[in-house]
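Reminder, nothing fancy here: chain letters follow the sequence lines and each chain counts from 1.
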Amino acid sequence: APNYEFYKNADVRPPFTYATLIRQAIMDSKDMQLTLNEIYSWFTRTFAYFRRNAATWKNAVRHNLSLHKCFVRVENVKGAVWTVDEMEYQKRRSQKITGSPTLVKNLPSSLGY
Amino acid sequence: LMPGICSIPVTSLPSLEWPLPSRTDQYELRIEVQPKPHHRAHYETEGSRGAVKAQTGGHPVVQLHGYRGKEPLGLQIFIGTADERILKPHAFYQVHRITGKTVTTTSYEKIIHSTKVLEIPLEPKNNMKAIIDCAGILKLRNADIELRKGETDIGRKNTRVRLVFRVHIPQPGGQHMSLQVASHPIECSQRSAHELPMVEKQDMDSCSVLGGQQMILTGQNFSADSKVIFTEKTHDGQQIWELEATVDKDKSQPSMLFIEVPPYRDPSICHPAKVNFYVINGKRKRSQPQHFTYTPLPAPSIKTEPV
DNA sequence: TAATATGAAACAAATTTTCCT
DNA sequence: TTAGGAAAATTTGTTTCATAT
């Protein structure tokens, strides 16, 4: 798992896409599923940067959850939780890597997407 | 004042999230009259919505059996969770002490780790029986609670509670024997109380893997589009089975569902299988999971000769 | 250029909180 | 005070448009 320690207290935008971060939040959870609210909490807990401008990044999180097919909403007793369709997630990423040789060279391996 | 109450230091007692038995060989703490399954809680911005009542119109009653002492004891009351997890104080609700001339019980309240606890006397002269007419329910704002450091529960759709009763009985050695009992679940949201299906009673707890038997569910808010879904989860929470039971819509009423238990996914099991089922109205309005057990067929017949 | 990412925003539905009689 | 109802407010999800990489 990536080490986000630096960003916990440094008010610097983490160099990862929303999709990468959302997936990470869900992967970090015990049951591989989180409510929207719990995803928000993970963001604020893990990144100083997301402790301000909440309206903006929360909107973006919801936007990404809806937009990407890899995030699947599952009904539950307690409302709904979000899960990751890992197959779908990796499909998108591998398309990007195999489909663009120039990007492969420049993509730092530690960065998502 | 109230002798015997409030005299025990909090630090020597088990914490509120600690599981306790409701009975021992000698004692039993029992809810003689259960509260109603619905009680709309009030917010801090509202006036009180009164004490929790019983189905009968009276109030819940709790009694301690087996106590031979002469001294009155204190009965503690707090609001607990009502989900599948083990009971703990409900972060989004608090007991609210009702006072007034309609209330017969004197009560005393204190806060233990951000949970309000009511204490009322249990007196030998009343047979150690207490009428709970002084306990209302206060709703705290989700956002306020969720930002508390260390709180991981979510308030949204988390609106069911149980009344939890505790008593600490002094023992010869200076120790205490603590007992606890929790009420049936109480739905505290106006909307959920009106719309969510709730199963209060099921006519049977188990049947053979073949299913096919009729089961009668008693409860609230059942409707024409109510479905009953049987599910099974593995130990780590992965759902591995789901099947809809057929509902007899002709017989069913708003407070009663007649269903046919569906067959279990594997008729050849050797040990009983514990599954869940729930009632769901429309897309989102679903009841808490209920428990059901499928039992294996009598004996796997090895004989092949005809009878 | 085509594909992706990010932001802002309009809308709808579900759920919670406040207000009124 | 206590009950009921429901308006007002907030959350959660979906979509669309514009801009930057």
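Ion pairing between a basic and an acidic side chain is recognised when a charged N comes within 4.0 Å of a carboxylate O; B:Arg265 and B:Glu232 show such pairing.
Taking 3.5 Å as the limit, the base of D:dG5 and the side chain of B:Arg191 contain no donor-acceptor pair of atoms between them. A donor-acceptor contact under 3.5 angstrom links the side-chain atoms of A:His63 to the base of D:dT15. In this model, no side-chain donor or acceptor of A:Asn64 finds a partner on the base of C:dA5 within 3.5 Å.
Comparing C:dG7, C:dT18, D:dT2 by their nearest atom to the side chain of A:Thr56 picks out C:dG7. With D:dT12, C:dT16, D:dG4 as the choices, the nucleotide that has an atom nearest any side-chain atom of B:Arg49 turns out to be D:dG4. Listed candidates were D:dT12, C:dT6, C:dC19. Nearest to the side chain of A:Arg62 is D:dT12. When distances are taken from the side chain of B:Thr45 to each of D:dT11, D:dT2, C:dT18, the shortest belongs to C:dT18.
B:His42 comes within 4.0 angstrom of no nucleic acid atom, judged by non-hydrogen atoms across all strands. Across all strands shown, A:Arg73 has heavy atoms under 4.0 Å from sugar-phosphate atoms exclusively, and none from any base. Within 4.0 Å (heavy atoms only), B:Lys53 reaches sugar-phosphate atoms of the nucleic acid but no base atom. Within the 4.0 angstrom heavy-atom criterion, only backbone atoms of the sugar-phosphate kind lie near A:Tyr40; the bases stay farther away. Across all strands shown, A:Ser66 has heavy atoms under 4.0 Å from base atoms, whether or not it also approaches the sugar-phosphate.
DNA chain C is contacted by both A:Leu67 and B:Asn142; A:Leu67 maps to the nucleotide lying nearer its 5′ end (nearest heavy atom per residue). Mapped onto DNA chain D by nearest heavy atom, B:Ala51 and B:Ile154 fall at different nucleotides, with B:Ala51 at the one closer to the 5' end. Residue whose closest nucleotide on DNA chain D sits further toward the 5' end, between B:Gln190 and B:Gly50: B:Gly50.
Under a cutoff of 6.0 Å and an axis angle of 45°, A:Arg52 and A:Phe50 do not form a cation-pi pair. A cation-pi geometry, defined here as NZ or CZ lying under 6.0 Å from the six-membered ring centre and within 45° of its normal, holds between A:Arg23 and A:Tyr89. Annotation: cation-pi pair A:Lys8/A:Phe47 absent, no NZ/CZ under 6.0 Å from the ring centroid and within 45° of its normal.
Residue B:Lys139 has a polar side-chain atom (N or O) positioned under 4.0 Å from OP1 or OP2 of C:dT17. Put simply, A:Trp82 has a side-chain N or O that comes within less than 4.0 Å of OP1 or OP2 on D:dG13.
Between the side chains of B:Glu187 and B:Thr159, a donor-acceptor pair is found at a separation under 3.5 Å.
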